[in-house]
Amino acid sequence: MKVTILYTCGLLFAIAAGAAEMKKEVNLNGAWRFEIGDNPAYAGAAFDDAHWETIQAPARWEEQGFPGYDGMAWYRKRFSVPHALRDKKLYLDLGCIDDVDRTWVNGHLVNSSGGLPPEYETAYTTHRLYYIPAEFLQFDAANVVAVQVYDDFESGGIVSGDLGLYSRREVPELVVDLSGYWQFRTGDDPAWRLSETAQSGWDSLIVPLKWEVQGYPEYDGYAWYRRSVVIPAENRDTRLILALGKIDDVDEVWFNGERIGRTGHFPDAGEDIRNNDWWLQERYYTIPAERIHWGGENLIAVRTYDAWIDGGIYDGVVGIMTRTTWLRWRRAAENPLIEMLKKWFEPVE
């Protein structure tokens with residue numbers, strides 16, 4: 001049963017990856033260092049794993065000298081990232097992992113799938129494709145990926161996929177790229193939408209990346225993001241769109257103190273909003289030209305509410321683009337398979 005589902009997982013992801021135009025930049029198939037058991041030190045970039053066993057990934061660990069083993073184990077691998085990739089959006093593809101994983105790059109927790117005991121939840125049908133912020137990588141130098149894996153029964157490990165570091169070929173041209181560090185604060189205060197609000201008490205988090213892997217594990221509830229941005233004056237006669245990727249679950253967005261959009265609704269007292277699909281929706285909001293301080297500082301403030309599990313601005317394109325770029329980007333996104341097939345069957349010039 002697991003084999004069939006893993007094959008389906010891989011097949012569906014191959015279609016999606018093709019549609020998204022993912023390009024493999026660094027190959028991670030092959031030999032990985034491997035050790036059973038658990039130790040938090042294994043996540044560190046400087047940890048010495050020279051004495052560990054060497055096994056192949058993707059492949060089941062049962063077939064490589066660990067028959068019948070269920071429980072915790074770790075994979076580690078070193079790799080180099082060319083400096084030419086510094087300005088690309090990079091994703092770590094770890095294929096399908098049986099059952100649960102926590103993944104670090106250079107000692108930074110970048111993502112996870114499933115739940116570890118005592119709140120065990122399998123994720124063996126989930127294809128792991130994790131965004132890696134450029135701030136976590138060293139270019140033209142050694143990097144280390146460490147993967148903590150928990151297997152409950154039957155097959156275990158990094159079992160299928162084409163492992164590697166991937167970039168997206170198709171990325172919209174941005175007037176301003178807003179990925180990277182934003183101010184962040186849990187709680188809720190309407191004054192936080194204003195630039196006059198005191199800066200003390202705010203943390204600094206990477207966007208897009210869920211807040212659970214950035215020091216706020218298990219946090220559910222209200223939180224705010226803020227970032228100042230300068231929009232070049234040469235865009236004065238252009239309609240602009242703010243892209244905020246995907247947000248889990250609800251958001252309300254303010255630009256220089258004025259609300260410009262929202263997705264979902266914040267819960268009334270005692271209301272359960274966990275059964276929603278807002279967290280899957282890409283956020284795009286028109287910025288009224290009259291609200292923009294051209295060539296000067298502008299404040300973007302995002303009020304969010306997470307009902308359960310993961311939270312925050314966690315995936316997708318984050319930045320400011322023109323309306324023309326947005327229209328082209330959305331049309332391609334709405335018809336990904338058509339766009340992919342067009343490119344496959346276009347005659348070579």
| remark: Closest non-hydrogen atoms of Pro133 and Leu209, given as atom of the first, atom of the second and distance, are CG-CD2, 4.3 Å

| query | Should Thr286 and Ile241 be marked as a side chain to side chain contact (heavy atoms under 4.5 Å, CB included) after you check the CA-CA gap, both sets of side-chain angles, and the distance that decides it? | reply | CA-CA 5 Å; Thr286 299; Ile241 307 292; 3.6 Å; yes

| Gap separating the CG atom of Asn298 from the CD1 atom of Ile287, nearest 0.5 angstrom | 8.0 Å

| said: Quick check for you: to the nearest 0.5 Å, what is the distance between Arg291 atom CZ and Leu299 atom CG? | reply: 11.0 Å

| task | Decide whether Thr325 and Glu173 meet the rule of one side-chain donor and one side-chain acceptor closer than 3.5 Å. | result | no

| Pairing of Asp151 and Arg60 as salt bridge, 4.0 angstrom limit | no

| field | ring pair (Phe, Tyr, Trp, His ring centres under 6.0 Å) contacts in which one or both residues fall within residues 162-191, not counting sequence neighbours | value | Phe184-Trp211, Phe184-Tyr216, Phe184-Tyr225

| Can you name the nearest heavy-atom pair linking Trp278 to Asp249, along with the distance? | CB-O, 3.3 Å

What side-chain donor-acceptor pairs closer than 3.5 Å can you find for residues 107-116, not counting sequence neighbours?
unit_1: Asn111; atom_1: OD1; unit_2: Lys210; atom_2: NZ; d: 2.9
unit_1: Ser113; atom_1: OG; unit_2: Tyr130; atom_2: OH; d: 2.7

| Quick one: are the ring centres of Phe255 and Tyr285 less than 6.0 Å apart? | no

| query | Does the Glu62 side chain pair with the main chain of Gly156, one donor and one acceptor, at a distance under 3.5 Å? | reply | yes

| Nearest-0.5 Å distance that lies between atom CG in Asp248 and atom CH2 in Trp308 | 10.0 Å

| Should Val253 and Val318 be regarded as members of a common hydrophobic cluster, given that ILVMFWY residues are connected when their side-chain heavy atoms come within less than 4.5 Å of each other, either directly or indirectly? | yes

| query | Run the side chain to side chain contact (heavy atoms under 4.5 Å, CB included) check on Val144 and Phe47 step by step: do they pass? | reply | CA-CA 10 Å; Val144 178; Phe47 178 79; over 6 Å; no

| field | For Glu271, side-chain hydrogen bond (donor to acceptor under 3.5 Å, both in side chains) partners two or more places apart | value | His265

| said: Heavy-atom count check: over 12 atoms from other residues, nucleotides or ligands less than 6.0 Å from Arg262 CZ? | reply: no

| What's the shortest heavy-atom distance between Thr263 and Gln281, and which atoms? | CG2-OE1, 3.5 Å

| Any donor-acceptor N/O pair, Arg226 side chain to Leu194 backbone, under 3.5 Å | yes

| said: To the closest 0.5 Å, what do you measure between CG (Leu92) and CG (Leu129)? | reply: 8.0 Å

| query | Please walk me through it: do Ile36 and Trp61 pass side chain to side chain contact (heavy atoms under 4.5 Å, CB included)? | reply | CA-CA 10 Å; Ile36 60 174; Trp61 66 46; over 6 Å; no

| Those residues that, when tested against Arg283, pass side-chain hydrogen bond (donor to acceptor under 3.5 Å, both in side chains) (two or more places apart) | Asp251

| message | Could you tell me if Arg303 sits above the aromatic ring of Phe266, with its cationic atom closer than 6.0 Å to the ring centre and no more than 45 degrees from the axis? | response | yes

| request: Decide whether Tyr222 and Ile247 are clustered together by the hydrophobic rule: side chain heavy atoms of Ile, Leu, Val, Met, Phe, Trp, Tyr closer than 4.5 Å, transitively. | output: no

| note | One should read off an interatomic distance between Asp310 CG and Glu218 CD, to the nearest 0.5 angstrom, of 9.5 Å

| said: Using only atom types and a distance under 3.5 Å, with no angle test, would you say the side chain of Arg33 pairs donor to acceptor with the backbone of Arg78? | reply: no

| field | Candidate pair Glu35 and Asn39, rule side chain to side chain contact (heavy atoms under 4.5 Å, CB included), full reasoning | value | CA-CA 10 Å; Glu35 181 62 272; Asn39 185 335; over 6 Å; no

| If you group Ile, Leu, Val, Met, Phe, Trp and Tyr by side-chain heavy-atom gaps below 4.5 Å, do Val175 and Val230 land in one group? | no

| request: Check for a donor-acceptor pair, side chain of Arg331 on one end and backbone N or O of Arg328 on the other, with a separation under 3.5 Å. | output: no

| Shortest non-hydrogen contact from Val26 to Pro82? | CG2-CD, 4.3 Å

| task | Ignoring hydrogens and angles, tell me if any N or O in the side chain of Arg227 forms a donor-acceptor pair with the backbone of Leu178 under 3.5 Å. | result | yes

| field | Over all atoms of both residues, closest heavy-atom pair of Leu28 and Lys77 | value | O-CE, 3.6 Å

| field | Cluster check Trp202, Ile313: I/L/V/M/F/W/Y, side chain < 4.5 angstrom | value | no

| said: Tell me whether Leu137 shares a hydrophobic cluster with Leu205, the cluster being built from Ile, Leu, Val, Met, Phe, Trp, Tyr side chains joined at under 4.5 Å. | reply: no

| query | With sequence neighbours left out, what residues match Thr197 under side-chain hydrogen bond (donor to acceptor under 3.5 Å, both in side chains)? | reply | none

| message | Between Trp192 and Trp254, is the ring pair (Phe, Tyr, Trp, His ring centres under 6.0 Å) condition met? List the steps. | response | CA-CA 10 Å; Trp192 293 345; Trp254 305 78; over 10 Å; no

| query | Does anything in residues 74-93 pair up under ring pair (Phe, Tyr, Trp, His ring centres under 6.0 Å), and if so which pairs, sequence neighbours excluded? | reply | Phe34-Tyr75, Tyr42-Trp74, Trp74-Trp104, Tyr91-Tyr131

| query | With distance as the sole criterion, is a donor-acceptor pair present between the side chains of Gln148 and Arg102 under 3.5 Å? | reply | no

| Does a sphere of radius 6.0 Å around CZ in Arg323 hold more than 12 heavy atoms from other residues, nucleotides or ligands, not counting ones at 6.0 Å or beyond? | no

| Minimum heavy-atom distance between Gly311 and Glu212, given as atom pair plus value | N-OE1, 2.9 Å

| query | Quick one: which of Glu25, Lys89, Lys23 gives a side chain to side chain donor-acceptor pair (under 3.5 Å) with Ser167? | reply | Glu25

| query | How far does CZ of Arg168 sit from NZ of Lys88, to the nearest 0.5 angstrom? | reply | 12.5 Å

